[in-house]
Amino acid sequence: QVQLVESGGGLVQPGGSLRLSCAASGSIFSRNAMEWYRRAPGKQRDWVASITKDGTGNYADSVKGRFTISRDNAKKTVYLQMNSLKPEDTAVYYCSDPFGSWGRGTQVTVSS
């Protein structure tokens, strides 16, 4: 059974940075693309970024140029480096794999 565990969220001021991590267990991680999503208060869950098994990243327009997705296959971990954070980035961030597995999420709050 695949388990995904997100970490790294917190409270940060506008313009600040955070790095989220998603640790996977129980899967052949290196063969899978991985994705990050987020759900802002009162809104639907939105796709943020994805990374292929070979490390190619793709981004939603709202985060392009500010967020970077990466992976460490040896550690079975995918990361989301978030820079120049804005209040509208406030959300619960989730990682997901291609088979419908989801973590419980990590809260990111951007506020002064």
Side-chain angles (χ1 to χ4, degrees):
Q1 182 176 357
V2 175
Q3 288 189 328
L4 301 174
V5 180
E6 302 94 339
S7 62
L11 173 64
V12 64
Q13 292 186 342
S17 298
L18 284 174
R19 189 177 81 154
L20 306 184
S21 300
C22 171
S25 62
S27 71
I28 307 174
F29 179 82
S30 63
R31 298 183 185 178
N32 297 337
M34 296 292 293
E35 296 183 304
W36 284 98
Y37 287 78
R38 67 186 180 187
R39 187 194 300 272
K43 296 187 177 181
Q44 67 182 17
R45 186 161 53 194
D46 290 330
W47 173 75
V48 175
S50 62
I51 187 165
T52 67
K53 62 180 182 179
D54 299 319
T56 300
N58 289 283
Y59 303 91
D61 288 343
S62 59
V63 306
K64 199 172 295 183
R66 300 187 298 121
F67 291 11
T68 302
I69 190 170
S70 62
R71 66 191 297 158
D72 184 332
N73 288 339
K75 295 182 178 179
K76 293 189 175 181
T77 301
V78 61
Y79 304 98
L80 187 68
Q81 177 67 44
M82 306 186 297
N83 299 329
S84 302
L85 282 161
K86 305 175 181 180
E88 51 264 44
D89 294 318
T90 295
V92 179
Y93 285 72
Y94 303 87
C95 65
S96 176
D97 74 5
F99 308 104
S101 299
W102 293 87
R104 292 187 176 183
T106 186
Q107 175 72 48
V108 171
T109 302
V110 184
S111 175
S112 55

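All values reported here derive from a predicted model rather than from experimental measurement.
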With clusters defined by side-chain heavy atoms of hydrophobic residues (ILVMFWY) lying less than 4.5 Å apart, directly or transitively, does V92 cluster with V5? no
Any chance you could measure Q44, atom CD, to R39, atom CZ, to the nearest 0.5 Å? 8.5 Å
Output, in order, the C-alpha distance, side-chain angles, deciding distance and verdict of side-chain contact (heavy atoms from CB on, under 4.5 Å) for V12 and M82. CA-CA 11 Å; V12 64; M82 306 186 297; over 6 Å; no
Distance-only polar pair, side chains of E35 and Y37, donor-acceptor under 3.5 Å: yes
F99 and V2, any side-chain heavy atoms less than 4.5 Å apart: no
Walk me through it: do R38 and S62 pass the test side-chain contact (heavy atoms from CB on, under 4.5 Å)? CA-CA 12 Å; R38 67 186 180 187; S62 59; 3.5 Å; yes
Give the ring-plane orientation class for Y93 versus F67, where under 30° counts as parallel, over 60° as perpendicular and anything between as tilted. tilted
Verify, without hydrogens or angle tests, whether W47 (side chain) and A49 (backbone) share a donor-acceptor contact under 3.5 angstrom. yes
In sequence, state the C-alpha distance, the side-chain angles, and the governing distance for S25 and K76, and then conclude on side-chain contact (heavy atoms from CB on, under 4.5 Å). CA-CA 7 Å; S25 62; K76 293 189 175 181; 5.9 Å; no
Taking everything shown except Q3 itself, do over 12 heavy atoms lie less than 6.0 Å from its CD? no
Ion pair K64/D61, N-O distance below 4.0 Å: yes
Would L85 and Q13 satisfy side-chain contact (heavy atoms from CB on, under 4.5 Å), going step by step from the backbone distance to the final call? CA-CA 8 Å; L85 282 161; Q13 292 186 342; over 6 Å; no
Pairwise distance CG(L18) to CD(Q81) - rounded to 0.5 angstrom: 8.5 Å
If we ignore hydrogens and angles and just use 3.5 Å, is the side chain of R71 paired with the main-chain N or O of T52 as donor and acceptor? yes
